[in-house]
Amino acid sequence: MTAPRPLSLHVPEPGCRPGDTPDFSDFEIPRAGAVRRPEVSEAPEDMRDMAFSVVRVLNKAGEAVGPWAGLLDADALRTGLRHMLTLRQFDERMLKAQRQGKTSFYMQHLGEEAVSCAFRMALEDGDMNFPTYRQAGLLIAGGYPMTEMMNQIYSNAADPLHGRQMPVMYSARDHGFFTISGNLGTQFIQAVGWAMASAISNDTKIAAAWIGDGSTSENDFHAAMVFASTYKAPVILNIVNNQWAISTFQGMARGGAVTFAARGHGFGIPAIRVDGNDYLAVHAVASWAAERARSGLGPTLIEHVTYRAGGHSTSDDPSAYRSKDEFSAWPLGEPIARLKAHLITIGEWSEERHTQAMAEINDEVRACQKKAEANGTLITGPHPSPRSMFDDVYAEMPPHLQRQRQEAGF
Amino acid sequence: MTAPRPLSLHVPEPGCRPGDTPDFSDFEIPRAGAVRRPEVSEAPEDMRDMAFSVVRVLNKAGEAVGPWAGLLDADALRTGLRHMLTLRQFDERMLKAQRQGKTSFYMQHLGEEAVSCAFRMALEDGDMNFPTYRQAGLLIAGGYPMTEMMNQIYSNAADPLHGRQMPVMYSARDHGFFTISGNLGTQFIQAVGWAMASAISNDTKIAAAWIGDGSTSENDFHAAMVFASTYKAPVILNIVNNQWAISTFQGMARGGAVTFAARGHGFGIPAIRVDGNDYLAVHAVASWAAERARSGLGPTLIEHVTYRAGGHSTSDDPSAYRSKDEFSAWPLGEPIARLKAHLITIGEWSEERHTQAMAEINDEVRACQKKAEANGTLITGPHPSPRSMFDDVYAEMPPHLQRQRQEAGF
Amino acid sequence: MTMIEAIRNAHDLAMDRDKRVVVFGEDVGYFGGVFRCTAGLQKKYGSNRCFDAPINEGGIVGAGIGMAAYGLKPVVEIQFADYMYPAYDQIVSEAARLRHRSAGQFTCSMVIRMPTGGGIFGGQTHSQSPEALFTHVSGLKVVVPSNPRDAKGLLLAAIEDPDPVIFLEPKRLYNGPFDGHHDRPVVPWKKHDLGDVSEDYYTVPLGKAKIRREGKALTVLAYGTMVYVAQAAAEEAGIDAEIIDLRTLIPLDLETIETSVKKTGRCVIIHEATRTSGFGAELSALVQETCFYHLEAPIVRVTGWDTPYPHAQEWTYFPGPERIKRAFAQVLEG
Amino acid sequence: MTMIEAIRNAHDLAMDRDKRVVVFGEDVGYFGGVFRCTAGLQKKYGSNRCFDAPINEGGIVGAGIGMAAYGLKPVVEIQFADYMYPAYDQIVSEAARLRHRSAGQFTCSMVIRMPTGGGIFGGQTHSQSPEALFTHVSGLKVVVPSNPRDAKGLLLAAIEDPDPVIFLEPKRLYNGPFDGHHDRPVVPWKKHDLGDVSEDYYTVPLGKAKIRREGKALTVLAYGTMVYVAQAAAEEAGIDAEIIDLRTLIPLDLETIETSVKKTGRCVIIHEATRTSGFGAELSALVQETCFYHLEAPIVRVTGWDTPYPHAQEWTYFPGPERIKRAFAQVLEG
Ligand SMILES: Cc1ncc(C[n+]2csc(CCOP(=O)(O)OP(=O)(O)O)c2C)c(N)n1
Ligand SMILES: Cc1ncc(C[n+]2csc(CCOP(=O)(O)OP(=O)(O)O)c2C)c(N)n1
Ligand SMILES: [Mg+2]
Ligand SMILES: [Mg+2]
């Protein structure tokens, strides 16, 4: 044996840092319609290919093609477009509100609107999402009042969470939206537990777990995979691969794997990659996974391939770690433009209707904001009473908290 | 859409519980020699098949066959046989010592001797194992003095760990054996960190991580996979699938996956399943993985398929949860008998030599035990001074521990 | 009943009465738990309600949180308290916070059981008493029973409780009231009044301490195994000690403590856990805050040392009767 | 220098001096950390010695332990102390125990840095002060600097230390000595004596407290941000308070504490963490044990409440100058 050569550490680096020219040429993207649609009952071992391709429905010409097309009629598509436009305008206004000091913090969805908006339409009322901070589309598409969201963001007197949580950490049980945790990943296994509970109770409801590409590294991801695999829990496990986790690119979490979806294979969990900027594809894949879960076939892992076009949060300036041109080079385009083009292509939409819709949404979001601001903002108040801080630590306030509340002067 | 049917929870059960007839017919075992030997540099994506088969060298006729054969000469094989026989006799004597009250606890290797004994011979001095409690073969095959092991087991005056650790929780830095943790799984990621350190230091040493089938469920398994994958750490990740984790069978941890080895695929880590009761196969696969690590090709995951023939520990009675006949039905046989038969087949061993070797080993183990017992046992003492309990909490004893030691009367 | 039987019986009654109660953990299903606390439940209630779990404590608690959020009442076992650390994030950041952060929309009625304490040659990873790591976390309740009758009633109260309850079972008490004299055989529970446990459903309310021995000379604050060690010490030293079995650490029955210390003017606090930042520190601070003008001597803590729990030297680590007698003398001298 | 610059400078000097020092954590490499404490290090020392990590705190610490066992000196960052829980098992069961359980064969010279404390509208998951969860764990050292000069010297001492050190950085102090008057702008460190930091290599020894303000009326035990809040309270109330900045919680400088309390006879303990079983409880117990006969009034704790750290009401949670002044009055009345 020859003397071994010295080892060295491999530290993955993105292809493109500030100043570099973005290059996504190693990202293999199949043509829309090219990827097969397996039967939901197909054996997990027989559909491993699904983790290495990308399900796409909308082609460059704006047509919906292939085996995953055809699920949504024009009305549904127009509703979807409206949801995405609403989310985008909501984001814009709240970003501005944050800059004006009306709140402390905000996180937007720019470029990823299709993921949560389309997914929500594949669920039934009563199903439960365990979201991260970047799926507000689940609320908007689910009809949760925007004013309530804003009340939460402003920590104002009407905040349903009494000012306790940071902005965007919504909770909306009646809208199938679990209370968002500031700790990454924890909710992934909880979703599996919720789904197990539904199965234990011989219920028909399913759960949807959400996690970011970066957060798949967290250990709770493993717990979720193990439990979902072992108990065949009726849960959809969603990875939103938006390419970035604050300043680290997805390769830091993915490591030597070809895709995040491939993580499912070690657990016998069917895994599908989907074009996350294609509203129709996300909806179709989500519906497929929901059918599997509801039929007792167990969990499905979905990797939504998308791009975080904005900063990580209002505390973040991405120009410090990535090229400003990356989003324009991003090969999957922009979800709103793509759905709009499709609707126009099939003759169900027009520039005029679009302009009009934008104006309507603008009015609506503004009106909500006005209502919310009437309840106060973080800077002006009124805020929820500090007294309420001592509530809900327990169902019943124990003596030591009563004493402390008194000590605090309430 | 039709009304969905009520869900129910899937709880995996082993095929065989006490009273049932063991049936391993669903365990697909290739013929010895049938599985290919990829180049170490083959792309991980091209060798996924290796996770779904079983590398075997020794066939039923006792011959070493196929592309993984030929690495060890007769001397090396006789040494291997001696290591396994020694480990078995060591186990027998220590089990008995525990029953006699000379120590509080013991864990044996019955049926799994090949795994750690053969693996050790594929490593170099200076490499570091991060073992569980069921790899004492690494010490025996590495030449660590048995008397020292017994001193530890007896918590006697000569115990190198000063009576601090439970029996079998050895630590032997100079023998490439990391201090065993009572907490399952924690050491798996530490091994990756050690390997990263070797790479950072441009060293040539590699690490070997060890975990049981049941313990792969622990979250640290994920941490290890993520870090090993991301940094291409020079580490061998060993899963010892001995079919049981106390009372739960391997299916509770494996879930819907076909094999544990498949866990590697979601991380782009090459994974090989090996007949853990085949000394030659374990050694060959370990050597292959070590070559990969040393060549800068990164981690390899090995699933050692074996069977825990004894109780989980001296606190456990397996007849409460599995059939007494399972081991005799176990299709991969018994590692010592198989290596012995091979040596006889190739004319390098005989029943007489075997009997003689057994007697020699018996003498050796007895002699070590006598020496160890001269240093004391748990029941008789002498024990390490309780005073030493306050040492090594920190390199230098801080004032509060000095005060406490005084309070304790030392 | 032994404490194991009492705990098993509590599970049985809870499962029988409330379909929402589900029981799981490592080796908990078919085998019935390494300490046999759940034996027979899977057979009786089916593997949908009592089942084995993968070896992943964070997963067990995390899945339990999801189930509780759905509306079930999970009662989970961590095989040894020493193995709760991988679940600590789920317990602290999630179970304990759910009600507060969601303003009551999502709650977590869950019991997390775990055997604690040493004296069984378990070494550093089968002997720990991590109660202080839970008492520091707002949103958790923390219970430590000291006998079968309480264990059953407290466990049923914990299962009824709408919030997460950490239920710490001193494993040295499973079979009898261990008093620290490890060289003598333990008298089994069936020979002890508190081992006489009704088969009926009853609860012992959380947050209420119990005076195990009345006395005027000094007050002992103890829980779990230490209650018996304190009793032995008091009897052997012939000291008129008032021994309070706290039973619940959070919420704490400060009233009973305060009344006693104001009466005796002297206080000894005992626990098996490591001293620094142990629960004894909080007790000491509270006694000092509430009884300062009644204290006639410094409060004394008798505890495990600030070292890992050793294997061979465990009786030097364990706060046995001799150490407690010395503390009594010290606090009476003061 | 700001505290951030001082910490960065300490990293730089340590890496320059000792090739074994490696630095990693989430966003720590290319970007230089969300608080910029490691900015420039990757560029200077290469990505073999300063690199980004996957988002897995247990993995970061676990890998660090392996590296330390190999012989490197990892200095890792947990992005916020609130995210240390997934690493808690590796810290408690492994890093803290390695030397003891292997009788010194394997050791863990590692520094685990994490920003702590609130007052930045971070809500319950960007504001926590979990020091008591570390002080209860034998084998760990726990450091909390209160200014740039100490932060640099203590960090260098921590890196030199042969054992695992938890290094808690009060993020509210990163840019200036925050005194709790959140309605006033913070004076930057460059206008403060303790912001005048030498570029040279120096250490501040672990285990030594510092008296920040001498006084005779009462003793204040504080650390981190609370040092400045206490100073403001003392000045505004015109009270002759002796303020001790503990700097290191484990090992604790009990001598300095004892001397001061024996002199003043009165003691106020302040921390931002939740009260029950906070480090204040241990301090109170120790002061009571060592200074009982000198105490003229009950020791008072001023702390965060036993609730999660709220977003909008954070100034009610934060122990500000007004609450501390009330505590001063209380302890002087007693
Ligand atoms: C346990 C934990 N560790 C670290 C953080 C800090 N943090 C918040 S978001 C984030 C990046 C997450 O990236 P990704 O999962 O890809 O989600 P994305 O923001 O892209 O949607 C980090 C590191 C946290 N919130 N919780
Ligand atoms: C964190 C943790 N959880 C639980 C245990 C208790 N325990 C000890 S061994 C064991 C079973 C491990 O099974 P496996 O990983 O298959 O290893 P084997 O004993 O078969 O070699 C369990 C549950 C532990 N030691 N640590
Ligand atoms: Mg992301
Ligand atoms: Mg096993």
Side-chain angles (χ1 to χ4, degrees), chain C residues 57-58 82-93 96-97 100-101 123-125 128 130-139 249-250 252 269 273-293 295 297-301 304-308 310 334, chain D residues 57-58 82-93 96-97 100-101 123-125 128 130-139 249-250 252 269 273-293 295 297-301 304-308 310 334:
Chain C
E57 291 77 13
D82 315 60
Y83 307 143
M84 71 82 184
Y85 301 103
Y88 197 60
D89 187 36
Q90 285 288 345
I91 295 172
V92 176
S93 308
R97 307 292 192 234
H100 195 261
R101 84 170 193 237
Q124 61 185 258
T125 60
Q128 294 172 41
E131 64 272 10
L133 302 175
F134 298 118
T135 57
H136 188 46
V137 179
S138 61
L249 309 190
I250 306 284
L252 183 70
I269 296 165
T274 272
R275 176 171 305 171
T276 299
S277 286
F279 191 61
E282 179 62 31
L283 289 172
S284 174
L286 287 172
V287 168
Q288 189 276 148
E289 283 160 14
T290 51
C291 309
F292 182 80
Y293 297 104
L295 281 176
I299 304 161
V300 174
R301 289 184 283 172
W305 308 116
D306 287 345
T307 73
Chain D
E57 291 77 11
D82 316 61
Y83 307 143
M84 70 84 184
Y85 301 103
Y88 197 59
D89 187 37
Q90 285 287 346
I91 295 172
V92 176
S93 308
R97 307 291 193 235
H100 194 262
R101 82 169 194 239
Q124 60 184 259
T125 59
Q128 295 173 40
E131 62 273 11
L133 302 175
F134 298 118
T135 57
H136 188 45
V137 179
S138 61
L249 308 190
I250 306 284
L252 184 70
I269 296 165
T274 272
R275 176 171 306 171
T276 298
S277 286
F279 191 62
E282 179 62 31
L283 289 171
S284 174
L286 287 172
V287 168
Q288 189 276 148
E289 283 160 14
T290 51
C291 309
F292 182 79
Y293 297 104
L295 279 176
I299 304 160
V300 174
R301 289 184 284 172
W305 309 115
D306 286 345
T307 73

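Throughout, protein chains are lettered first and strands after them, A, B, ... in sequence-line order, and every chain is numbered starting at 1.
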Using a cut-off of under 4.5 Å on heavy-atom pairs, state which of [options] scores highest against chain C.
options: D/Val137, D/Leu295, D/Asp82, D/Thr125; value: D/Leu295
options: D/Gly278, D/Ala87, D/Gly280; value: D/Gly278
options: D/Asp306, D/Val92, D/Thr290, D/Ile299; value: D/Ile299
options: D/Ser138, D/Gly58, D/Ala132; value: D/Ser138
options: D/Val287, D/Ile91, D/Thr135; value: D/Thr135

(request) Answer yes or no: is there a side-chain heavy-atom contact under 4.5 Å between C/Pro308 and D/Arg101? (result) no

(message) What I'd like to find out is whether the side chain of D/Tyr83 reaches to under 4.5 Å of the side chain of C/Ser93, using heavy atoms alone.
(response) no

Side chain, backbone, both or neither: which part of [X] has an atom under 4.5 Å from a heavy atom of chain D?
X: C/Phe292; value: side chain
X: C/Gln288; value: both
X: C/Gln128; value: side chain

In terms of heavy-atom pairs under 4.5 Å with chain D, which of [options] leads?
options: C/Ala281, C/Pro310, C/Cys291; result: C/Ala281
options: C/Pro130, C/Gly139, C/Ser277; result: C/Ser277
options: C/Ile250, C/Thr274, C/Leu252; result: C/Thr274

(message) How long is the straight-line distance from NE2 of C/His100 back to CD of D/Gln124, given to the nearest 0.5 Å?
(response) 7.5 Å

(request) Output every pair passing salt bridge (Lys or Arg N to Asp or Glu O under 4.0 Å) with a member in residues 279-290 of chain D, not counting sequence neighbours, ordered by first then second residue. (result) C/Arg301-D/Glu282, C/Arg301-D/Glu289

(request) Give the C-alpha distance, both sets of side-chain angles, the deciding distance and a yes or no for side chain to side chain contact (heavy atoms under 4.5 Å, CB included) between C/Tyr88 and D/Leu133. (result) CA-CA 11 Å; C/Tyr88 197 60; D/Leu133 302 175; 3.1 Å; yes

(message) My understanding is that only residues two or more places apart in sequence, or in another chain, count here; which of them pass ring-ring contact (aromatic ring centres under 6.0 Å, His included) with C/Phe134?
(response)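 Not a single residue meets the ring-ring contact (aromatic ring centres under 6.0 Å, His included) criterion with C/Phe134.
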
(request) Indicate the atoms forming the closest heavy-atom contact of D/Pro298 with C/Tyr293, along with that distance. (result)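 Looks like CD-OH, 3.2 Å.
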
